[in-house]
Amino acid sequence: MLGMVKNSLLSTVEAWPYRLLSKGEKDQLSYEERACEGGRFAAVELVGKPFDEASKEGAVKLLKYVGGSNDKGVGMGMTAPVSITAFPAEDGSFQQKVKVSLRIPSQFQDNPPCPTDESIKIEERQGMTIYSTQFGGYAKEADYVNYAAKLKAALGSDAAYRKDFYLCNGYDPPMKPYGRRNEIVMELRHTFLSHHLMPIDNQRQQMDTKEEAM
């Protein structure tokens with residue numbers, strides 16, 4: 001826990017790289033279109049819990065991982081945002097199923113440490129193009145649902161984005177009371193969210209087996 005706190009407070013935060021494609025505004029809602037880079041992400045899925053509870057639990061797991069709860073015992077630094085994949089129900093609320101993810105810092109992208117928490121998986125994600133709108137405060141499910149509805153209205157019915165999930169992004173630690181940044185993100189349909197890598201320990205085992213065979 002101490003390693004997680006030190007890593008969160010003392011590390012320079014590395015942002016998820018993206019390229020701004022365009023900006024828009026409708027009905028007093030500003031939004032952006034971005035091309036986000038791919039890479040390796042640490043991710044954990046939680047099912048059967050309310051969105052706010054599951055999001056917090058997943059974020060703590062990932063912060064422990066980058067804070068030193070890994071096979072190398074190394075503090076990896078911090079990246080932002082913590083991204084929560086939410087799955088909307090028919091009434092617009094979120095289902096009790098989330099995936100919380102964090103982009104692995106660039107120093108560890110090629111060879112990320114293995115999480116000691118087996119519920120955390122390492123994924124390889126392709127780059128994706130998104131629509132995003134930003135808002136402040138301590139974001140909860142109701143806020144993300146509200147801004148998702150606003151963004152959908154601003155984009156209009158002809159916009160080709162994924163409607164089966166949203167990304168709910170948070171950029172700030174809990175101890176930051178002002179100037180907080182949150183985002184609701186919708187992915188364009190011609191891109192893909194992610195695909196799973198083989199678990200890293202299995203990758204290493206197969207590499208060792210190949211070396212022995214040689």
Keeping the roles fixed (side chain from Asp52, backbone from Glu141), state whether a donor-acceptor pair exists under 3.5 Å.
yes

Of the non-hydrogen atoms in Asn182 and Gly170, which two are nearest, and what is the gap between them?
OD1-CA, 4.2 Å

Quick check: are there more than 12 heavy atoms from other residues, nucleotides or ligands sitting under 6.0 Å from CD of Glu118?
no

Can you tell me if Asp143 uses its side chain to pair, donor with acceptor, with the backbone of Tyr147 under 3.5 Å?
no

Between CD on residue Glu32 and OG on residue Ser132, distance to nearest 0.5 Å:
6.5 Å

How close do Asn169 and Ser83 get, counting heavy atoms only, and between which atoms?
OD1-OG, 2.7 Å

Stepwise, does the side-chain contact (heavy atoms from CB on, under 4.5 Å) test hold for Cys168 with Ile184?
CA-CA 5 Å; Cys168 305; Ile184 189 78; 3.8 Å; yes

Arg181 and Asp172: which non-hydrogen atoms are nearest, and at how many Å?
N-OD2, 2.6 Å

Indicate yes or no for a side-chain donor-acceptor contact from Arg40 to the backbone of Ile104 under 3.5 Å, with no hydrogens or angles considered.
no

Would you indicate whether the side-chain heavy atoms of Pro17 and Arg103 approach each other to under 4.5 Å?
yes

Taking it one step at a time, do Arg125 and Glu37 satisfy salt bridge (charged side-chain N to carboxylate O under 4.0 Å, His left out)?
CA-CA 9 Å; Arg125 299 188 177 184; Glu37 288 189 13; over 6 Å; no

Is there a side-chain contact between Met78 and Val66, using heavy atoms and a 4.5 Å cut-off?
yes

Mind checking whether Lys64 and Val60 have side chains closer than 4.5 Å, heavy atoms only?
yes

Taken to the nearest 0.5 Å, the spacing of Lys23 NZ from Ser30 OG works out to 8.5 Å

Shared hydrophobic cluster for Tyr31 and Tyr161 (ILVMFWY, side-chain gaps under 4.5 Å)
yes

Do Phe108 and Ile120 sit in the same hydrophobic cluster, where Ile, Leu, Val, Met, Phe, Trp and Tyr count as joined when their side-chain heavy atoms come under 4.5 Å apart?
yes

Between Lys140 and Tyr138, is NZ or CZ placed under 6.0 angstrom from the six-membered ring centre and within 45° of the ring axis?
no

Taking atom CD as the centre, does Gln109 end up with more than 12 heavy-atom neighbours from other residues, nucleotides or ligands that are less than 6.0 angstrom away?
yes

For the pair Val100 and Leu62, evaluate side-chain contact (heavy atoms from CB on, under 4.5 Å) and give the outcome as yes or no after the intermediate values.
CA-CA 8 Å; Val100 187; Leu62 297 180; 3.9 Å; yes

Measure the shortest side-chain to side-chain distance between Val13 and Thr79 over non-hydrogen atoms and say whether it is less than 4.5 angstrom.
no

Least distance between heavy atoms, Ala59 atom then Val82 atom:
CB-CG1, 4.2 Å

Spacing of CG belonging to Leu29 relative to CG belonging to Leu155, to within rounding of 0.5 Å:
8.5 Å

So, Tyr171 versus Trp16, ring centres under 6.0 angstrom or not?
no

Can a side-chain donor-acceptor contact be found between Glu183 and Thr133 if the only test is distance below 3.5 angstrom?
no

Which heavy atom of Ile130 sits nearest to which heavy atom of Cys36, and what is that distance?
CD1-SG, 3.7 Å

Less than 4.5 Å apart, side chain to side chain, heavy atoms only: is that true for Lys99 and Val44?
no

Salt bridge or not between Glu187 and Arg34? Use side-chain N to carboxylate O under 4.0 Å.
no

Out of Tyr144, Phe87, Phe94, which one pairs with Tyr166 under the side chain to side chain contact (heavy atoms under 4.5 Å, CB included) rule?
Phe94

Counting only heavy atoms not in Asp91 (residues, nucleotides, ligands), do more than 12 fall under 6.0 Å from its CG?
yes

Chi angles and distances behind the side-chain contact (heavy atoms from CB on, under 4.5 Å) call for Gln107, Val74
CA-CA 12 Å; Gln107 181 182 352; Val74 61; over 6 Å; no

Which residue, Leu102, Thr116, Ile122, forms the side chain to side chain contact (heavy atoms under 4.5 Å, CB included) with Tyr65?
Ile122

State whether Lys97 and Glu45 are salt-bridged, where the test is any N-O pair (Lys NZ or Arg NE/NH1/NH2 against Asp/Glu carboxylate O) under 4.0 Å.
no

Quick one: are Pro50 and Gln96 in side-chain contact, heavy atoms under 4.5 Å?
yes

Glu33 and Thr129 have their tightest heavy-atom pair at OE2-CG2, 3.8 Å

Flag side-chain contact, heavy atom, 4.5 Å: Ser93 against Phe51:
no

Which distance, rounded to the nearest 0.5 Å, do you find between the NZ of Lys121 and the OG of Ser101?
15.0 Å

To the nearest 0.5 Å, how far apart are CG in Leu151 and NZ in Lys26?
11.5 Å

Could you please spell out the steps behind the side-chain contact (heavy atoms from CB on, under 4.5 Å) verdict for Glu57 and Lys49?
CA-CA 10 Å; Glu57 181 180 334; Lys49 296 182 179 181; 2.4 Å; yes

Do Asn111 and Lys72 have side-chain heavy atoms sitting under 4.5 Å apart?
yes

The reported gap from NZ in Lys150 to CZ in Phe135 (rounded to nearest 0.5 angstrom) is 9.5 Å

